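Numbers restart at 1 for each chain; the letters A, B, ... are given by sequence-line order, proteins then strands. Bear in mind that the values here come from a model prediction, so they are computed numbers and not experimental data.
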Amino acid sequence: MNIVFHTLEGSISRALSDYLQAQFQLDMPVATEQPKQSDFGELALPVAFQLARQLKKAPKAIAEQLAAGLAGKIDGVAALEVANGYLNVRFDRGYYANQILTGNDQDTQEFSTRKTIVEHTNINPNKAAHIGHLRNAILGDTFVRMMKAMGTRVEVQNYIDNTGVQVADVVAAFHFLEKKTADEVRALTLQPRFDYLCWDLYAKISQLEDGKVWRGETIHEIEAGHGPLSEMGHIVADAIVECHLNTMLRLGVQYDVLPRESEILHLQFWASCFEQLKERKAIYLETEGKNSGCWVMPGSAFRENAGEEDSKVIVRSNGTVTYVGKDIAYQLWKFGLLGKDFYYRKLRTYADGHPCFVSQASPDGATPADFGNGVAVFNVIDSRQSYLQDVVAAGLRALGYNDQAARSIHFSYEMVALTPRTCVDLGIELSEEDKARPYVEVSGRKGLGVKADDLIDQLIARARVEVDSRHESKPEASRHLVAHQIAICALRYFMLKFTRTTVIAFDLQEALSFEGETGPYVQYAAVRAQNILRKTAERGLPLPNFKAVCNAGTFAAAFANEDLWQLLLDISRLDSILAAAVENGEPAALAKYAYQLAQGFSRFYHDFRVLDEPDEDRRNVLLWMTQYFATQLERTLSTLGIAVPEYM
RNA sequence: GCGCCUGUAGCUCAGAUGGAUAGAGCAUUUGCCUUCGAAGCAAAGGGUCGGGGGUUCGAGUCCCUCCGGGCGCACCA
């Protein structure tokens, strides 16, 4: 990895610190920032502002004194300038580029032995995935890729609630409404879009009054774990999980392990958790009021100024545990604090050889595996569940696990809604009030909304039209692959370019457009860079050995050009951008960076004709830039889960 | 009522740790294909950063307050 910028920044900061220590006996860290405008140099130090009061001198005078004192004394720094009280640093461009070229490219990061857990996707296994689930999975998957790129060990979990009411509803629909037997349902699971069939069935039963009665009967049997309805529950859930895994695989999303609710029940995870909670007096048996007979967690555990009415029921008066209770047990397991574990079997092996495991209740036929036991846990769950996530963290705190509670991170994000015109495109009827809104939330329950696979299919079809119009002569399979890569890129980028707190108003036309700030624009820049490199070879000019033909001198000459220099700086910034994006938990920052990089290269591509450059030294530098750009952008895109097509 | 999030260009959004002239895309208008393919590039117009106070050398960013949106606050998951 390249950390030239970071290294230089550090040595400049240190040089300033040392100087302040020597001259003024001041012991303080020196902050650096990126100047607002590029003509102020590469680094700006506002240090004089901080010192103004202490030294009782004007910032300008202090900055000038520092500039004079340090001039020519820092490696890699060409000039120190004072402007508006700032101390601005200009890098030695030849030195900087040469450091990148000769720098040690090998990955110096050590893989941490400590493991971070990311839980995402978590779709109820009762019907096809919809567009909201895509945001969850893409966000989670990208964050995983980002942490891995930083050298962190990550385990990806996808929790399967295979015994909940949602599955029960579909089972009830099959049994009571459709009068199907377990074997008949099993036969249905073999048809291509079983998840679509369940989607419609679920919508149907949700609107029936009888549904609630049937659901009650069904869920009772499912929770007991035996009987024909329970069997049908497993058939449905297992089949839908396969559908979801396949849908997600189209996006390049993979999992390490699927812990299931049925095992949490059968292995009695809750019982262990319940004992701990009672023992530590984290919960108590309420004897009066509306919660009489329930075990509750006092509101004061998770909320300031909480009153009696803020208490959260953990165990119902009938003795059954609530969702939050189970979630606390599950969270304890993730940290290795429960004292129990699942058994596992391999569910599938991905094309790259990576296995995906699923939990099972008995040791029979189990494969030894080491899951859970993380030092930090990221739960990718939409922002509406922040209250429940707070209660889970409070549960850990109440048990004395303060550290783990602090490392239980709710990686929240806002929902995906639809724009009114997209609702119209999809045939969803809107009230006049809704039509005036910027976006409309469509409930999956009504059977409306956008299915993930339909959206992906539409994106591929759209991309395919463009590919066909440009590359008639390419073989069918190749065009399909490229269209697929472009479609996934468009989708992933669209889901990632917004920050997590933004409600995405999904618009079909906008997502299907490949112009402007979109994934395909970024991809196109990467493809163009590859084209230059490939054409070089085709013209019989093999790529030079840059270390032999480029040096600080040739670099200094070429990078006297301001645009070239700014692009080089941007390209070299990847690692600091990535580090900040991981630190802030914001994949959008990396997506924005990819776009800026692509923009810079598109300008470069237009302004400089690399292969036609007559001056050999300059052509070598341009070629090196092209290669450096291609490498860095591909790293960025692969971290975003985006492939670079062979052509576009 | 309480809690969390949010208000930036006509529209959709970026603006980490307070910093120099607030940035992109879309839309609008206007130029650029003699193939490293225009899914591109260049240019123009468009802003009281919701209102008002405060903190300080300095506020889109921090604090208070008001106004406007969104989402939560179940013995549902």
Side-chain angles (χ1 to χ4, degrees), chain A residues 31 33 35-37 40 44 46 49 52-53 58-59 83-86 88 124 161 163-167 261 290-296 299 303-307 309-310 312-324 326-327 382-388 390 412 414-415 417 419 437-439 441 463 466-467 469-471 486 497-505 507 510 513-518 520-521 523-525 527-536 538-539 580-581 583-584 586 588-589 591-592 595-596 599 602-603 605-612 622 626 647-648:
Chain A
E33 55 188 53
K36 268 273 188 290
Q37 281 171 268
F40 285 131
F49 295 110
R53 186 183 289 173
N84 301 331
Y86 280 93
N88 291 329
N124 278 312
D161 181 5
T163 60
V165 293
Q166 312 247 357
V167 171
E261 176 101 347
K290 64 183 166 92
N291 292 337
S292 182
C294 300
W295 286 88
V296 303
R303 182 174 285 186
E304 281 180 49
N305 307 322
E309 69 282 358
D310 291 322
K312 179 72 193 164
V313 170
I314 303 297
V315 178
R316 305 181 187 102
S317 52
N318 68 4
T320 56
V321 60
T322 59
Y323 163 69
V324 205
K326 278 184 280 195
D327 224 22
D382 75 79
S383 65
R384 288 176 291 198
Q385 305 215 37
S386 60
Y387 163 68
L388 293 170
D390 285 348
S412 74
E414 281 292 342
M415 62 179 177
T419 59
R437 291 172 187 266
Y439 57 83
E441 190 191 356
E466 298 290 326
V467 172
S469 74
R470 287 155 220 250
H471 303 281
I486 293 171
K497 73 171 177 175
F498 302 97
T499 53
R500 293 195 280 127
T501 54
T502 303
V503 175
I504 296 182
D507 188 275
E510 198 183 326
S513 161
F514 296 148
E515 280 166 25
E517 196 200 330
T518 64
Y521 173 90
Q523 261 182 331
Y524 189 50
V527 168
R528 283 172 135 188
Q530 288 301 350
N531 284 348
I532 293 177
L533 298 174
R534 197 179 51 239
K535 287 273 176 175
T536 311
E538 283 173 13
R539 289 190 186 185
E583 174 70 23
N584 301 334
E586 193 50 272
K592 287 277 173 197
Y595 178 67
Q596 281 161 16
Q599 244 182 344
S602 292
R603 212 166 294 140
Y605 184 88
H606 185 264
D607 293 346
F608 302 92
R609 310 219 112 227
V610 177
L611 298 183
D612 298 335
L622 294 178
T626 303
Y647 55 86
M648 271 181 87

**OP:** Would you indicate what A:Ala83 reaches in the nucleic acid, counting non-hydrogen atoms under 4.0 angstrom: base, sugar-phosphate, or nothing?
**Re:** base
**OP:** Return the set of residues passing side chain to side chain contact (heavy atoms under 4.5 Å, CB included) with A:Ser383 (not counting sequence neighbours), or none when no residue passes.
**Re:** A:Ser412, A:Glu414
Original post:
A:Ala31 near the nucleic acid: base, sugar-phosphate alone, or nothing, with a heavy-atom cut-off under 4.0 Å?
Top reply: nothing
Original post:
Between A:Tyr439 and A:Ala417, what is the shortest heavy-atom contact and its length?
Top reply: CD1-CB, 3.5 Å
Original post:
Once Watson-Crick and G-U wobble pairs under 3.5 Å are found, how is RNA chain B written in dot-bracket notation, 5' to 3', with | for any base paired to another strand?
Top reply: (((((((..((((.....[...)))).(((((.......))))).....(((((..]....))))))))))))....
**OP:** Just jot down the salt bridge (charged side-chain N to carboxylate O under 4.0 Å, His left out) partners of A:Asp507, sequence neighbours excluded, or say none.
**Re:** A:Arg421
Would you tabulate the pairs of protein nitrogen or oxygen atoms and nucleotide nitrogen or oxygen atoms of nucleotides 37-41 of chain B closer than 3.5 angstrom?
from  : atom 1 : to       : atom 2 : distance (Å)
B:G37 : O2'    : A:Tyr524 : OH     : 3.0
B:G37 : O6     : A:Arg470 : O      : 3.1
B:G37 : O6     : A:His471 : ND1    : 3.3
B:G37 : N1     : A:Arg470 : O      : 3.4
B:A38 : OP2    : A:Arg528 : NE     : 3.4
B:A38 : OP2    : A:Arg528 : NH2    : 2.4
B:A39 : OP1    : A:Arg470 : NH1    : 3.3
B:A39 : OP1    : A:Tyr524 : OH     : 3.4
B:A39 : OP2    : A:Arg470 : NH1    : 2.5
B:A39 : O5'    : A:Arg470 : NH1    : 3.4
B:A39 : N9     : A:Arg470 : NH1    : 3.3
B:A39 : N7     : A:Arg470 : NH1    : 3.0
B:G40 : O2'    : A:Arg528 : NH1    : 2.9
B:G40 : O2'    : A:Arg528 : NH2    : 3.1
B:C41 : OP1    : A:Tyr521 : OH     : 2.4
B:C41 : O2'    : A:His606 : ND1    : 3.0

Original post:
What is the nucleic acid contact for A:Leu533, judged by heavy atoms within less than 4.0 Å: base, sugar-phosphate only, or nothing?
Top reply: nothing
**OP:** Using side chain to side chain contact (heavy atoms under 4.5 Å, CB included) as the criterion, list what pairs up with A:Thr502, not counting sequence neighbours.
**Re:** A:Phe498, A:Thr499
Original post:
Mind checking whether A:Tyr595 and A:Tyr521 have ring centres under 6.0 Å apart?
Top reply: yes
Subject >> Side-chain heavy atoms of A:Lys326 within contact of A:Val321, under 4.5 Å >> reply: yes
Original post:
At under 4.0 Å, does any side-chain N or O of A:Asn291 touch on OP1 or OP2 of B:C75?
Top reply: yes
**OP:** Can you see which heavy atom on A:Thr322 is nearest to which on A:Val313, and at what distance?
**Re:** OG1-O, 3.3 Å
Original post:
Between atom OH in A:Tyr387 and atom P in B:C71, what is the gap in whole Å?
Top reply: 19 Å
**OP:** Name all residues meeting the side chain to side chain contact (heavy atoms under 4.5 Å, CB included) criterion together with A:Asn531; count only those two or more places apart in sequence or in a different chain, and write none if there are none.
**Re:** A:Val527, A:Arg534
Original post:
Which pair of non-hydrogen atoms, one from A:Ala529 and one from A:Thr626, has the smallest distance, and what is that distance?
Top reply: O-CG2, 3.7 Å
**OP:** Please determine, for the side chain of A:Arg539, which listed nucleotide (B:A14, B:C36, B:G25) has the closest atom?
**Re:** B:C36
**OP:** In whole angstrom, give me the gap between the C1' atoms of B:C57 and B:U65.
**Re:** 26 Å
Original post:
Expressed in angstrom and rounded to an integer, what is the separation of A:Phe40 atom CZ from B:U21 atom P?
Top reply: 8 Å
**OP:** Go through B:C36, B:C71, B:A20 for me and flag the one nearest to the A:Glu441 side chain.
**Re:** B:C71
**OP:** Applying side chain to side chain donor-acceptor pair (under 3.5 Å), name anything that partners A:Arg603, two or more places apart in sequence or on another chain.
**Re:** none
Original post:
Base, sugar-phosphate, or nothing for A:Asn88, non-hydrogen atoms under 4.0 angstrom?
Top reply: base
Subject >> Atom-pair distance (CD on A:Glu517; P on B:C13), nearest Å >> reply: 12 Å
**OP:** Please lay out, stage by stage, how A:Arg539 and A:Asp612 fare under the test salt bridge (Lys or Arg N to Asp or Glu O under 4.0 Å).
**Re:** CA-CA 11 Å; A:Arg539 289 190 186 185; A:Asp612 298 335; 3.5 Å; yes
What N/O pairs connect the protein and nucleotides 57-63 of chain B at under 3.5 Å? Give each pair on its own line.
from  : atom 1 : to      : atom 2 : distance (Å)
B:C57 : OP1    : A:Arg53 : NH2    : 2.5

Original post:
Got a sec: does the CD of A:Glu33 have more than 12 other heavy atoms crowding it under 6.0 Å?
Top reply: yes
Subject >> Integer-rounded Å distance: B:C13 C1' and A:Arg500 CZ >> reply: 17 Å
Show me the protein contacts with nucleotides 4-12 of chain B, counting only N or O atoms at under 3.5 Å.
none

Subject >> Any donor-acceptor N/O pair under 3.5 Å between B:A16 base and A:Asn584 side chain >> reply: no
Original post:
Hey, does A:Asp161 reach any base, or is it just sugar-phosphate, or nothing, if we go heavy atoms under 4.0 Å?
Top reply: sugar-phosphate
Could I get a table of every N or O pair under 3.5 Å where one atom is in the protein and the other is in nucleotides 28-31 of chain B?
none

Original post:
What residues form a salt bridge (charged side-chain N to carboxylate O under 4.0 Å, His left out) with A:Lys497, not counting sequence neighbours?
Top reply: none
Original post:
For A:Thr320, which residues count as a side chain to side chain donor-acceptor pair (under 3.5 Å) partner, sequence neighbours excluded?
Top reply: A:Arg316, A:Asn318
